[in-house]
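Presented below is the structure to which this report refers.
Atoms within each ligand, like the ligands themselves, are counted from 1 in listed order.
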Amino acid sequence: MKKCNYRRGVAAGLMLLAGGAFAGAPENRAELANMVIQDCGSCHGLTMRGGLGPPLRPDNLKQQSVESIAAIIKEGVDGTAMPPWKPLLTDEQIFWISRQLKSGALLTDETKDAR
Ligand code: HEC
């Protein structure tokens with residue numbers, strides 16, 4: 001598990017986002033999915049099994065509603081490394097990500113089984 005370069009990944013991701021790649025493009029799902037794997041994955045693990053941040057697989061999120069997951073993504077978690085994403089993502093994008101995390105839809109067959 002590589003944890004050392006998450007900062008660089010996040011910085012690159014933020015620059016990409018700030019560059020307008022996602023501005024008003026909630027239909028841009030392939031890029032959004034890629035961003036979740038790369039940017040969220042830099043902390044949560046490329047297979048969402050956790051790293052610096054906790055695992056975000058369907059089993060781990062069972063107790064939480066899509067709304068509460070979206071709220072965490074939107075506002076971040078104060079005093080932790082989890083940043084607020086609302087400056088970069090629309091509500092629609094955040095809800096879409098939350099639903100994908102809860103359903104595990106972004107995990108490929110390979111990453112579903114990966115250890
Ligand atoms: C810089 C590291 C970092 C990045 C990037 C990051 N997170 Fe997090 N995330 C964390 C940490 C650390 C926590 C745990 C916060 C706490 O202690 O409550 C967390 C918590 C969460 C939680 C709550 C999990 C739970 O079980 O309650 C969700 C959901 C989440 N992150 C989603 C995301 C999504 C989606 C992205 C990408 C858009 C993302 N995170 C990007 C570090 C990160």
Side-chain angles (χ1 to χ4, degrees):
M1 176 73 61
K2 245 202 300 182
K3 290 186 194 170
C4 51
N5 64 353
Y6 74 90
R7 275 180 205 286
R8 207 171 25 160
V10 170
L14 294 183
M15 275 188 290
L16 184 77
L17 291 166
F22 293 100
E27 70 279 6
N28 205 348
R29 292 183 181 173
E31 282 182 44
L32 209 52
N34 192 44
M35 177 228 153
V36 172
I37 304 294
Q38 298 301 324
D39 288 351
C40 312
S42 66
C43 283
H44 292 280
L46 293 177
T47 59
M48 301 298 148
R49 284 184 185 278
L52 178 74
L56 299 178
R57 296 170 71 94
D59 271 0
N60 310 110
L61 298 172
K62 259 197 307 237
Q63 315 292 339
Q64 304 198 46
S65 64
V66 169
E67 286 73 21
S68 62
I69 295 168
I72 294 170
I73 298 172
K74 207 168 156 174
E75 306 295 336
V77 183
D78 256 4
T80 77
M82 176 63 186
W85 293 85
K86 65 181 171 188
L88 301 167
L89 298 171
T90 64
D91 278 4
E92 196 180 352
Q93 291 172 325
I94 289 173
F95 270 84
W96 183 83
I97 292 171
S98 306
R99 287 195 305 270
Q100 309 313 305
L101 290 175
K102 234 181 128 57
S103 70
L106 295 179
L107 302 171
T108 63
D109 286 347
E110 216 170 57
T111 57
K112 265 177 191 145
D113 300 331
R115 284 170 200 283

Exercise for the section: Could you tell me whether V36 approaches ligand 1 through its side chain, its backbone, both or neither, with non-hydrogen atoms closer than 4.0 Å? Expected result: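 The answer is neither; V36 stays 4.0 Å or more away.
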Practice task
Answer with side chain, backbone, both or neither: which part of D39 has a heavy atom less than 4.0 angstrom from an atom of ligand 1?
Solution key: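 The part of D39 near ligand 1 is the backbone, not the side chain.
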Give the numbers and elements of all ligand 1 atoms closer than 4.0 Å to a heavy atom of [X].
| X | value |
| --- | --- |
| M35 | 38 (C) |
| I73 | 32 (C), 35 (C) |
| G53 | 10 (C), 11 (C), 12 (C) |
| I72 | 22 (C), 23 (C), 27 (O), 28 (C) |
| T80 | 15 (C), 16 (C), 17 (O) |
| I69 | 29 (C) |
| I97 | 35 (C) |
| L56 | 22 (C), 24 (C), 28 (C), 29 (C), 30 (C), 32 (C), 33 (C) |

Exercise for the section: Can you sort out the partners of E75 under side-chain hydrogen bond (donor to acceptor under 3.5 Å, both in side chains), two or more places apart, ordered by chain and number? Expected result: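 For E75, the residues satisfying side-chain hydrogen bond (donor to acceptor under 3.5 Å, both in side chains) (neighbours in sequence not counted) are K86.
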Linking I/L/V/M/F/W/Y whenever their side-chain heavy atoms sit closer than 4.5 Å, directly or via other members, would [X] and [Y] fall into one cluster?
| X | Y | value |
| --- | --- | --- |
| L46 | I97 | yes |
| I72 | F95 | no |
| I94 | M82 | yes |

Practice task
Can you figure out which of M82, Q38, Q63 has its heavy atom closest to atom 10 (C) of ligand 1?
Solution key: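 Looking at heavy atoms only, the winner is M82.
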Problem - Heavy-atom proximity to atom 3 (C) of ligand 1, best of G51, C43, G41 - result: C43
Exercise for the section: Check for a donor-acceptor pair, side chain of Q64 on one end and backbone N or O of L61 on the other, with a separation under 3.5 Å. Expected result: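 Side chain of Q64 to backbone of L61: no pair is present.
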Practice task
Answer yes or no: is there a donor N or O on one side and an acceptor on the other, between the side chain of H44 and the main chain of P54, under 3.5 Å?
Solution key: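 Confirmed, H44 side chain pairs with P54 backbone.
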Handout entry: Summary of salt bridge (charged side-chain N to carboxylate O under 4.0 Å, His left out) pairs that have at least one residue in residues 94-107, sequence neighbours excluded
Key =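 Sorted result for residues 94-107: empty, none.
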Handout entry: Separation between CZ of R29 and CG of L106, rounded to the nearest 0.5 Å
Key = 11.0 Å
Practice task
Can you measure from CG (L101) to CZ (R57) and round to the nearest 0.5 angstrom?
Solution key: 11.0 Å
Handout entry: N or O contact, Q64 vs ligand 1, cut-off under 3.5 Å
Key =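 Q64 vs ligand 1: N/O contact under 3.5 Å present.
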Practice task
Look at H44 and state whether any of its N, O or S atoms is less than 2.8 Å from atom 8 (Fe) of ligand 1.
Solution key: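 Yes, within the cut-off.
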